[in-house]
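Just so you know, ligand 1 is whichever comes first in the structure, and atom 1 is the first atom listed for that ligand. The first residue of the sequence shown is numbered 1, and numbering continues consecutively from there.
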Amino acid sequence: MKLLWSPRAATRLWRLWAASWPTIVLLVLLRSVWLLAIPIAVLSVGTRVPVVLPMVAGTLFDALSLMLQQRLRRSLRTSCMVTSARDALGKQGGVPESQIHAAFWAAYVSEYAISSDLPSMLAALMSTALILVFASFRMGLDLVLPVTGVLAIVGGLGFFLHRRLRPRLHITVKNRARTADWLSAAERDAGEIGGTRSEEPFVAKVREATHNWCSAEDTVERKQIGHRFVLLLLLGIGLAFVLSYRGIDWMHLAFGNEGEQFSLRTVADVLLLVTAIPVALKVARHANALLTAYGELAEMHPPDRVPRLSTQAWKEPPRGLVVRDLLVKYGDKLALHIPFWQASFEKPVGILGPNGSGKTTFASVLGGVLAPTEGNVLVGGVPSQQIDRNDVAFVPQDPVLIEALTIEENIRLVVPLATTQQQEAILQRLGLHKPLDQKTGELSRGERRRIALARALLKESQLLILDETDAWLDDAGRRILFEILQEETKKRAVVIVSHRQEVLTVVGDVLRLDESHQMVVD
Ligand SMILES: Nc1ncnc2c1ncn2[C@@H]1O[C@H](COP(=O)(O)OP(=O)(O)O)[C@@H](O)[C@H]1O
Ligand SMILES: [Mg+2]
């Protein structure tokens, strides 16, 4: 019973419903038409409506509802997955935290429940009610009560059977296995992307994987509808065969009833009630699936966050940077070794060195996105690993934007509250004169990098880290960047990583690294 009221699960489902209820209502209506097609066809026996008409209409509506359902699922799943990915990433800039499974699974369960089980259950429920109303008009009201009783018993039995059988059903197991595969693939990607220290490629990967996943499911479903169609055709042929054997003119029955076959009408009435049974079972199946999904959703918890201190102390000047016994290895390979170094944030701090000397490694440790093998980087006495990611803005060496999103959307991924004016002002200053609604896929690499820089500058963080940002810009761009960094230093701690001697004009304390990944001691 505890599972039946989970505020988190209920809120999640409610939000999805609220965001997509028109589609869901439309889906329910279309699916109901399909579920009603067979009973209507049965009902039409002995009337002027040819049997084939409701069947064809039902099939068309079913195809339409399938298309709609696929669209809904794609959009729900993508938005759920991306939201979960971002939650798991710690919201603003950073790398994925471990144990994101729960978040993804929750997204999967909730979107599935909303896009598939809820409309189907409502449609089946509505169709059962309509069939009963039809039947009661045709066969007299006194039949309604016993028939409803029978349907309720059948539905109830079906529900409990499904509840018992569901965990053993092949399809459930297969779906779970596939989800697990997909999740580990996403995590593996996330792990790789951890190397580039950026959120966007991960989110883009999630989006892409979600789309692929949806496409795969869509194909399966289209096949299913094909099978259903063939099955109906075979049933029809079988029926025609039986009718012909019995000497009944089925051509006449299917394509042009004249209202004469009264005995067939009686048969049709019974068949009508019989068709209500599978529809009632459908309600049972989807109700069970929905409840199970809800239960699973209720049991899930967001991934545990690595505890992070966002202590006030480190934010208040004078704060300094202290490196103690820092050793970073990738596997067995040494990437950085600094026994001791300290710097003041009075001016921007510079990290200089040739390619491969360990600058990006240092920036990643400082940004809290890479755990040192040994030792620590302390900002105002707080180990970098414990600084809240919301307090850090990081411009990676190779930032990636989501190409399908506009400039503004890409900025809002990192700074959701940045106003249009703020965005325009900073982009103008960086020399990017493009409309905010332009897709970033249409921009050059240099232009995209300016957007990555702009959003880091817009993020009101306590620590700003730039990896080789100066190397992306032309002379004029660099001059502006250095100006900006000088202004930023008054507000927050700034660290710039560079292989160019020119940064020496703007930085205060400098850490020099050499090819052997060691600190150069003057
Ligand atoms: N993800 C990684 N896996 C293994 N080795 C890496 C990884 N990232 C960097 N390295 C290695 O660590 C060393 C330092 O790299 P990096 O910090 O990127 O240097 P820089 O930024 O100064 O060019 C290099 O030898 C590089 O090959
Ligand atoms: Mg580098």
Side-chain angles (χ1 to χ4, degrees), residues 89 93-98 185-202 204-205 321 323-339 341 343 348-377 379 384-385 392-401 445-446 448-450 452-453 456 463-473 477-478 481 485 494-504 506-507 509-522:
L89 286 164
V95 290
E97 314 227 351
S98 61
E187 255 204 333
R188 202 173 50 238
D189 287 342
E192 280 166 18
I193 287 157
T196 65
R197 294 102 191 174
S198 172
E199 163 184 354
E200 289 77 21
F202 177 62
K205 208 90 190 177
L321 185 64
V323 183
R324 256 201 209 116
D325 301 321
L326 182 68
L327 183 74
V328 186
K329 286 183 175 176
Y330 293 104
D332 287 340
K333 191 173 173 298
L334 175 73
L336 188 62
H337 181 218
I338 306 169
W341 182 69
V349 171
I351 314 294
L352 263 87
N355 284 338
S357 55
K359 304 182 297 295
T360 297
T361 303
F362 181 82
S364 306
V365 172
L366 178 62
V369 295
L370 180 70
T373 314
E374 281 173 31
N376 261 320
V377 176
V379 184
S384 58
Q385 290 303 101
V392 182
F394 192 2
V395 188
Q397 183 167 352
D398 210 2
V400 182
L401 294 115
R445 200 173 158 82
R448 276 184 248 171
R449 286 170 153 180
R450 281 177 168 81
L453 173 57
L463 180 60
L464 173 64
I465 306 167
L466 304 105
D467 194 353
E468 306 272 11
T469 313
D470 57 328
W472 309 342
L473 302 164
R478 258 197 302 279
L481 174 69
L485 292 190
V494 178
V495 175
I496 178 159
V497 165
S498 178
H499 67 271
R500 303 168 58 95
Q501 297 298 318
E502 198 185 336
V503 289
L504 290 174
V506 67
V507 297
D509 290 328
V510 178
L511 171 69
R512 285 179 196 276
L513 299 171
D514 64 17
E515 280 89 351
S516 59
H517 319 296
Q518 309 281 336
M519 178 180 133
V520 179
V521 185
D522 299 322

S498 and D470: side-chain donor and acceptor closer than 3.5 Å? yes

Please report the interatomic distance CG(D467) to OG1(T360), rounded to the nearest 0.5 Å. 3.5 Å

Polar side-chain atom of S364 near backbone of L370 as donor-acceptor pair, under 3.5 Å: no

Hey, are the side chains of L466 and L485 touching, using non-hydrogen atoms and a 4.5 Å cut-off? yes

Could you tell me whether the side chain of E468 reaches within less than 4.5 Å of the side chain of K359, counting heavy atoms only? yes

For ligand 1, note which part of K333 has a heavy atom under 4.0 Å away: side chain, backbone, both or neither. side chain

Rounded to the nearest 0.5 Å, what's the gap from CD1 on I351 to CG on L513? Could you check? 7.0 Å

Check whether any N or O atom of G358, backbone or side chain, sits under 3.5 Å from an N or O atom of ligand 1, and answer yes or no. yes

Tally every protein N/O/S atom whose distance to the Mg ion (ligand 2) is less than 2.8 Å; waters are neither shown nor counted. 2

Exactly one candidate in V349, V494, V392, I496 meets side-chain contact (heavy atoms from CB on, under 4.5 Å) with I465; the answer is V392

Just which atoms of ligand 1 are under 4.0 Å from any heavy atom in T361? 14 (C), 15 (O), 16 (P), 17 (O)

Return yes when G331 approaches ligand 1 closer than 4.0 angstrom through a heavy atom, no otherwise. no

Contact between ligand 1 and H517 is defined here as a heavy atom of the residue under 4.0 Å from a ligand atom; is it met? yes

Any N or O on N355 sitting closer than 3.5 Å to an N or O of ligand 1? no

Ligand 1 to P354, heavy atom cutoff 4.0 Å, flagged ligand atoms 22 (O)

Heavy-atom distance under 4.5 Å between the side chains of R512 and S357, does that happen here? no

At the 4.0 Å heavy-atom cut-off, does G353 count as touching ligand 1? no

Sole candidate of L326, V377, L511 that passes side-chain contact (heavy atoms from CB on, under 4.5 Å) when paired with W341: L511

E374: which residues meet the salt bridge (Lys or Arg N to Asp or Glu O under 4.0 Å) condition with it, sequence neighbours left out? none

